[in-house]
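See structure below.
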Amino acid sequence: MLMKACTPSSVLLVCLGNICRSPTAEEVFRQQAAIAGLSIKVDSAGTSDWHVGSAPDTRSQRHAKSHGYKINKLVARQVSANDFRDFDLILAMDSQNLADLQAIKDGIIESEDNLATLALFSEEDPTYCGSDVPDPYKCDNDDFEEVIERIESSAQAWIESWKAC
Ligand code: 4NP
C-alpha cells in the first residue's frame, strides 16, 4: 500500500499498447480531475512500441464516446525512462504492466527520491483493489464496457484520496 499522498502534479497511465485502456484512462482521469478542481497534467503510454503513432483502437473510441470521453485525437507512444523523471505518479493498468515498469525504474541509476511513484491503477479502489484492468484487445463489446466501468471507478478512487489529503 502506498503512503497517503497529496495531489500529484502529473500522472501517467500505462498499459501494453496505449490504444485501448490507457488512452481511455487518460481522458477519464482528465475529466474527473477537472470536475474535482484538481490541476493535474495527465498523459498515457504503452510498455510496447507496437502501436506507436496510432490513434486509439476504434472499439475503444466508440465505447469511450458513448460515455462522454472523446479520445480519437490521442496518439500512442511508448513509455521511457524519462517518464520516471517527468511524472510524479505512474499507474499501471495490470500487474504485467507494473512489472515491466518496475524493471524500467530499476534500470535507472539515480536517486529513488527523484523518480515517479509507481502503483497499480486499481490500488486505491475499494471495489477493484489489487485487480487488473483486463486487456480487451482480443475481446468483445462487453469487455470494452467493463474496461470503462473499472477505469471510472479506479480513477475516482485516486481523486477522492487526494481530495481527502
Ligand atoms: P491496451 O490493449 O494495452 O489496452 O492498449 C492492447 C492493444 C494491443 C495489443 C494488446 C493489448 N496487441 O497485442 O497489439
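The figures here come from the full heavy-atom set of this structure, side chains too, leaving out hydrogens, waters and symmetry mates. Both ligands and their constituent atoms are indexed starting at 1 by order of listing.
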Next item on the list: State, with a plain yes or no, whether a side-chain heavy atom of Q102 is found less than 4.5 Å away from one of L118.
Entry: yes
Check: Among all residues two or more places apart in sequence or in another chain, which pass the side chain to side chain donor-acceptor pair (under 3.5 Å) test with S131?
Finding: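 Result, side chain to side chain donor-acceptor pair (under 3.5 Å) vs S131: R150.
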Next item on the list: Decide if atom NZ of K70 counts as having more than 12 heavy atoms of other residues, nucleotides or ligands within a radius under 6.0 Å.
Entry: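 Count not over threshold, so no.
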Note to self: Residue by residue, ordered by chain and number, which ones reach under 4.0 Å of ligand 1 with a heavy atom?
What the structure shows: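 Close residues (ligand 1, cut-off 4.0 Å): C15, L16, G17, N18, I19, C20, R21, W50, H51, D135, Y137.
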Next item on the list: Indicate yes or no for a side-chain donor-acceptor contact from D143 to the backbone of P136 under 3.5 Å, with no hydrogens or angles considered.
Entry: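 Judged by distance alone, no pair lies under 3.5 Å.
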Checklist line | Of E27, E26, R30, the residue whose pairing with S44 passes side chain to side chain donor-acceptor pair (under 3.5 Å) | finding: E26
Next item on the list: Evaluate the salt bridge (Lys or Arg N to Asp or Glu O under 4.0 Å) criterion for residues D83 and R77: first the C-alpha distance (whole Å), next the side-chain angles of each, then the deciding distance (0.1 Å), finally the verdict.
Entry: CA-CA 11 Å; D83 287 315; R77 72 172 181 89; 2.9 Å; yes
